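What you see is a predicted model; the values in this text were computed from it and never measured.
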Amino acid sequence: MRSFHFNGSRILKTGIAIFLTATICLWFGWPPVFAVITAIVTVEPTVSDSIKKGLVRFPASAIGSAFAVLFITLFGNAPITYTLAAVATILVCYRLKLQAGLLVATLTSVAMIEVIHDHVLVSFFIRLGTTTVGLLVSTAVNMLVFPPNYREDILKSIQSISERAGTMLEHTFHTILFDGDANLQEDQELVKRLTTEIRKTEKLIHYHRDDFSLYPRVRDRETELRMAERQLLFLHNLEFHLDALLRIPFQSIKWSQAERNIIMQAVSELADDLQNSNAYDRETHQAQLKIITDFFWEDSKGISTSDALHPTLFPPEFKILYELITIYDLVDKFFDPNSVKAAREAEK
């Protein structure tokens with residue numbers, strides 16, 4: 001049976017914001033539905049986004065309310081009233097670049113038509129009041145209840161991407177060296193998944209940086225965040241070189257079985273470093289890199305002494321070793337002492 005994963009802080013904050021908003025509106029004797037709609041959409045992934053978009057949603061809702069009042073005064077509760085109120089709200093919000101508040105404004109506009117019976121001006125100001133309550137309550141809840149903190153998620157995600165990259169590296173080279181007739185579709189899918197994970201982590205870093213001005217504890221970790229961005233960049237470059245490896249025509253590789261085993265041994269140790277950061281040893285890493293680099297230069301000499309004096313295309317062996325040396329360099333930079341320290345602190 002599949003277990004239900006409750007990724008709950010944002011869901012819980014939305015529920016609290018709805019309850020508090022509805023309670024306050026009922027206490028004032030205002031219909032809570034419009035405030036609740038505003039509260040639901042204002043709980044953003046970051047507090048900064050809640051504030052920025054809230055400042056857009058308030059005037060947008062005011063525009064929607066104004067059009068609802070105008071058209072119900074002119075046409076009463078008729079189909080044309082709903083149409084004109086919605087269309088006019090959308091056009092004006094786009095014109096004033098209030099797209100972040102467009103949904104709330106349009107919903108407010110069409111929903112108001114149903115509930116306005118008399119005292120249209122009073123109804124208009126009540127709608128502004130309920131919108132204000134929804135914005136203020138949801139922003140306060142987002143800031144004070146489980147305030148967004150993506151630091152641990154970012155560092156754990158980078159570690160997870162590193163482990164996945166190590167598995168992929170080993171699988172890719174095993175395919176290239178020993179499965180000449182293999183279908184690369186599985187490897188290409190793994191690269192796509194890795195790219196998706198990197199994109200998600202980039203978004204988390206963006207969220208984390210958004211709240212710098214609001215939380216001193218976040219500002220104090222600027223150096224750590226820059227290091228995480230640096231590590232993610234190395235992993236992104238690693239993903240690029242893994243993808244490049246899969247585009248090399250490896251069916252015509254001329255390495256002997258012993259040479260393939262030497263390369264695979266170096267790749268396995270490199271993959272183990274990525275999968276287990278505690279196992280990384282710089283001296284061992286450099287020794288393995290020297291073996292591969294010597295291998296690379298030997299193959300380079302073979303190119304210059306081959307029958308083709310000036311070959312127009314590099315042989316696949318040359319390309320594979322070049323990509324492997326580049327990956328070695330990326331892994332070495334990834335395991336900068338400060339990067340490793342930050343990742344280990346996140347696990348505590």
Side-chain angles (χ1 to χ4, degrees), residues 2-11 14 41 43-46 48-49 53 100 148-176 179 182-211 218 221 224-248 250 267-268 270-277 280 320 323-324 326-336 339-340 342-344 346-347:
R2 232 173 155 182
S3 60
F4 174 73
H5 178 63
F6 181 74
N7 191 6
S9 62
R10 192 173 173 189
I11 298 171
T14 302
V41 299
V43 179
E44 297 287 342
T46 67
S48 177
D49 274 350
K53 293 183 180 180
N149 182 7
Y150 297 100
R151 171 185 174 264
E152 188 174 339
D153 289 339
I154 290 167
L155 297 175
K156 284 184 176 180
S157 181
I158 288 174
Q159 182 62 31
S160 173
I161 293 169
S162 172
E163 292 170 5
R164 183 172 290 186
T167 302
M168 235 169 65
L169 177 66
E170 194 167 19
H171 189 276
T172 299
F173 267 90
H174 190 277
T175 302
I176 290 172
D179 299 327
N183 188 340
L184 294 179
Q185 187 173 355
E186 181 182 350
D187 299 83
Q188 289 164 348
E189 284 297 320
L190 289 172
V191 171
K192 287 179 182 177
R193 287 180 206 162
L194 188 67
T195 303
T196 302
E197 287 298 314
I198 290 171
R199 295 283 181 271
K200 287 180 181 177
T201 310
E202 286 174 344
K203 187 176 288 187
L204 289 177
I205 290 175
H206 172 72
Y207 288 159
H208 199 58
R209 193 176 289 284
D210 269 357
D211 284 342
V218 177
R221 297 187 180 276
E224 182 181 86
L225 189 60
R226 285 181 181 173
M227 186 61 68
E229 288 177 318
R230 186 167 169 264
Q231 279 195 310
L232 195 63
L233 177 61
F234 292 141
L235 288 171
H236 186 66
N237 289 333
L238 175 60
E239 169 257 327
F240 171 80
H241 287 285
L242 284 171
D243 187 57
L245 277 167
L246 295 173
R247 300 176 189 279
I248 297 172
F250 56 85
V267 169
S268 296
L270 189 60
D272 188 58
D273 288 339
L274 285 168
Q275 292 165 342
N276 307 284
S277 59
Y280 176 77
I320 292 168
E323 295 293 347
L324 181 56
T326 304
I327 290 171
Y328 256 96
D329 182 59
L330 288 170
V331 172
D332 188 47
K333 290 176 180 176
F334 177 81
F335 284 108
D336 178 277
S339 303
V340 177
R344 287 174 182 171
E347 295 173 0

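- In this structure, I176 CD1 and I320 CD1 are separated by 5.0 Å, a value rounded to the nearest 0.5 Å.
- The side-chain heavy atoms of R199 and H236, taken from C-beta on, include a pair separated by under 4.5 Å.
- Of the N and O atoms on the side chains of S162 and Q275, not one donor lies less than 3.5 Å from an acceptor on the other residue.
- Annotation for G166 and A271: closest pair O-CB, 3.2 Å, computed over non-hydrogen atoms.
- Interatomic distance, I198 CD1 to I158 CD1, rounded to the nearest 0.5 Å: 10.0 Å.
- Here CD of E323 is found 10.0 Å from CG of L330. Values are rounded to the nearest 0.5 Å.
- Separating the CD atom in E239 from the CZ atom in F234 is a distance of 15.0 Å, to the nearest 0.5 Å.
- Atom CG in L270 sits 7.0 Å away from atom CG in L324 (nearest 0.5 Å).
- Although no hydrogens or angles enter the test, the distance criterion places a donor-acceptor pair under 3.5 Å between the side chain of T175 and the main chain of H171.
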request  = Could you walk me through whether R193 and R164 pass the side-chain contact (heavy atoms from CB on, under 4.5 Å) test, one step at a time?
outcome  = CA-CA 9 Å; R193 287 180 206 162; R164 183 172 290 186; 3.9 Å; yes
key: Worked verdict on L194 versus L235 for side-chain contact (heavy atoms from CB on, under 4.5 Å)   = CA-CA 9 Å; L194 188 67; L235 288 171; over 6 Å; no
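- Only one option out of K203, E202, E197 pairs with K200 in a side chain to side chain contact (heavy atoms under 4.5 Å, CB included); it is E197.
- For the atom pair OG1 of T167 and CG of L274, the computed distance is 9.0 Å after rounding to the nearest 0.5 Å.
- Side-chain contact between L232 and I161 is present, with at least one heavy-atom pair separated by less than 4.5 Å.
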